[in-house]
K.L.:
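Below you'll find the structure I mean.
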Amino acid sequence: MTELSKSGAAMTEPVKDSRPPSAFLEVRDLKVHFPTDDGLVKSVDGLNFTLEKGKTLGIVGESGSGKSVTSLGIMGLHTAGQYGKRKAQISGEIWLDGTELLSADPDYVRKLRGREMAMIFQDPLSALHPYYTIGQQIVEAYRIHNKVDKKTARRRAVEMLDRVGIPQPDKRVDSYPHEFSGGMRQRAMIAMSLVNNPELLIADEPTTALDVTVQAQILDLIRDLQKEFGSAVIVITHDLGVVAELSDDILVMYGGRCIERGPAEKVFYEPRHPYTWGLLGSMPRLDREQTERLIPVKGSPPSLINIPSGCAFNPRCPYADVPKDNVTRTVRPELSEVGSQHWAACHMTQEQRERIWIEEIAPKL
Ligand SMILES: Nc1ncnc2c1ncn2[C@@H]1O[C@H](COP(=O)(O)OP(=O)(O)O)[C@@H](O)[C@H]1O
Ligand code: SF4
Ligand SMILES: [Mg+2]
């Protein structure tokens, strides 16, 4: 294995013969399937996206849409065997800084974790060890990747705690996780994940467990740190409102696939997929004109073992009953360009949906 290089210039040769992409992170046709007694769970089923350094991608979708499975896939954590005896079946390509991670040596990917790429989880308690102080854990995370003495590492830990807004960091460095509030623990975890200046940071529902004011503070912190460190950031959430401001691009997942992606303001203000409209409909307030009335999505997420045929969203889509040719139930819509850099997977055009809305749906509401 070639030596690790922060610049990415001398990394391991990709095993697959496809061309390395120019983007910092490029995910190509990622599939993560789990064999279970009930059948094959297709948690992620053909995902594509790119992300550049200094940019933030928001991944949005209901619970169970495959967001965490995607992030664990990028981090190379599905192959670590923590899901019991049956391993996930993973295919596709994950290019990070010129190296394809799915075909790379697992040891190499393990070394990248915490150094080139780091993750912030929803529940800091699951990532922090209860028996060690916050400082000991940050020092450990730092020293795995840097040959420095404990004193230097401790200085670095205090500096990071200060940077993420922990008051009296030189004292709090010796606290245990349970001595911190939820918001402080999340800050400490952010400090730990950033201690090695990772170039890719994945925050998986980083604020879901926190109250609204603390949520806003943590999101501000992630935004500030992103600007300061210039890393590529993926923020995962079920709440479109949370990522709309923070992200450059938004990717909406439904049933393990991307059903809409594009620049954040386009997806937020001019969503093109009925499911995205539905996600916006679940939000309390929107100050913009509405061509289609916002109604929250009814029904429940699709089974990932028996994904509905045709468009996976058809059992819940207000438009699905209108076309007479039944194409929504037989042919799966692929992503098509609906605006500049804006893609949606729906058989209908915006004009067709607007007409159906006005003529067929609105009168029955
Ligand atoms: N190890 C596993 N074995 C079987 N199914 C799994 C496994 N991990 C996740 N899943 C399933 O994959 C789907 C997507 O999960 P996840 O990515 O965690 O959703 P979310 O979008 O809420 O983060 C869920 O239906 C979940 O039950
Ligand atoms: S393809 Fe049909 S069912 Fe799917 S989102 Fe579009 S209108 Fe709805
Ligand atoms: Mg999740």
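Just follow the structure's listing: the first ligand is 1, and inside any ligand the first atom is 1. Worth knowing before you read on, the calculation uses all heavy atoms, side chains too, and leaves out hydrogens, waters and symmetry mates.
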K.L.:
Are Gln186 and Leu221 side-chain neighbours, meaning at least one heavy-atom pair lies under 4.5 Å?
P.N.:
no

K.L.:
Return a yes/no value for Val69: is any of its N or O atoms, backbone included, closer than 3.5 angstrom to an N or O of ligand 1?
P.N.:
yes

K.L.:
Answer with yes or no after comparing the ring centroid distance for Tyr254 and His273 against a 6.0 Å cut-off, counting only values under it.
P.N.:
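Centroid separation for Tyr254 and His273: 6.0 Å or greater.
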
K.L.:
Count, excluding waters, the protein N, O or S atoms that are closer to the Mg ion (ligand 3) than 2.8 Å.
P.N.:
1

K.L.:
Counting N and O atoms only, with roles assigned by atom type, does the side chain of Arg187 sit under 3.5 Å from a partner on the main chain of Val164, one being a donor and the other an acceptor?
P.N.:
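Yes, the answer is positive, given that a donor and an acceptor are paired below the 3.5 Å cut-off.
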
K.L.:
Any nitrogen or oxygen of Thr70, main chain or side chain, under 3.5 Å from a nitrogen or oxygen of ligand 1?
P.N.:
no

K.L.:
What verdict does the side chain to side chain contact (heavy atoms under 4.5 Å, CB included) test give for His129 and Gln136, after you've listed the backbone C-alpha separation in whole Å, the side-chain angles of each residue and the deciding distance to 0.1 Å?
P.N.:
CA-CA 10 Å; His129 199 291; Gln136 284 168 327; over 6 Å; no

K.L.:
Within the structure, does Leu304 bring an N/O atom to less than 3.5 angstrom of an N/O atom in ligand 1?
P.N.:
no

K.L.:
Can you find a pair of side-chain heavy atoms, one from Leu101 and one from Trp95, that are under 4.5 Å apart?
P.N.:
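Answer no - side chains too far apart.
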
K.L.:
With a 4.5 Å heavy-atom cut-off, do Thr70 and Ile234 have their side chains touching?
P.N.:
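Thr70 vs Ile234: side chains apart.
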
K.L.:
So, do Glu334 and Arg257 sit near enough that their side-chain heavy atoms are less than 4.5 Å apart?
P.N.:
yes

K.L.:
Provide the number and element of each atom of ligand 1 under 4.0 Å from a heavy atom of Ser63.
P.N.:
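Going through ligand 1 atom by atom, the ones under 4.0 Å from Ser63 are 22 (O).
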
K.L.:
Which of the atoms of ligand 2 are close to Cys346, meaning less than 4.0 Å from one of its heavy atoms?
P.N.:
1 (S), 5 (S), 6 (Fe), 7 (S)

K.L.:
Considering the heavy atoms of Pro274, write down every atom of ligand 2 situated less than 4.0 Å from one of them.
P.N.:
5 (S)

K.L.:
Quick one: look at His273 and ligand 2, take heavy-atom pairs under 4.0 Å, and tell me if it's side chain, backbone, both or neither.
P.N.:
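The answer is the side chain of His273.
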
K.L.:
Kindly give the heavy-atom pair with the smallest separation between Pro308 and Asn314, and that separation in Å.
P.N.:
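Result for this residue pair: CB-ND2, 4.3 Å.
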
K.L.:
For Gly64, is at least one N or O under 3.5 Å away from an N or O on ligand 1?
P.N.:
yes

K.L.:
Salt bridge or not between Arg110 and Asp107? Use side-chain N to carboxylate O under 4.0 Å.
P.N.:
yes

K.L.:
With atoms numbered from 1 as shown, which atoms in ligand 2 lie under 4.0 angstrom from a non-hydrogen atom of Thr328?
P.N.:
1 (S), 2 (Fe), 3 (S)

K.L.:
For ligand 1, find out whether one of its N or O atoms is nearer than 3.5 Å to an N or O atom of Thr36.
P.N.:
no

K.L.:
Quick one: does Arg185's side chain have a donor or acceptor within less than 3.5 Å of a partner on Phe180's backbone?
P.N.:
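Such a contact is found between Arg185 side chain and Phe180 backbone.
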
K.L.:
Considering only heavy atoms of Tyr319, which atoms of ligand 2 have at least one such atom less than 4.0 Å away?
P.N.:
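Listed by number with element: 7 (S).
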
K.L.:
Is the closest side-chain heavy-atom distance between Ile144 and Asn196 below 4.5 Å?
P.N.:
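In short, these two side chains do not touch, never coming nearer than 4.5 Å.
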
K.L.:
Please could you name the atoms of ligand 1 that Glu62 approaches to less than 4.0 Å, counting only its heavy atoms?
P.N.:
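Per the distance check, 21 (O).
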
K.L.:
With distance as the sole test, does Glu260 use its side chain to make a donor-acceptor pair with the main-chain N or O of Val267 at under 3.5 Å?
P.N.:
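Answer holds: no.
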
K.L.:
Give a yes or no on whether His347 keeps an N, O or S atom under 2.8 Å from atom 4 (Fe) of ligand 2.
P.N.:
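No - counting backbone and side chain alike, His347 has no N, O or S atom under 2.8 Å.
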
K.L.:
Could you check whether Arg155 pairs with Asp149 (Lys NZ or Arg NE/NH1/NH2 to Asp/Glu carboxylate O, under 4.0 Å)?
P.N.:
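The answer is no: the pair does not qualify as a salt bridge.
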
K.L.:
Counting only heavy atoms closer than 4.0 Å, does ligand 2 sit against the backbone of Cys317, its side chain, both, or neither?
P.N.:
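The side chain, only.
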
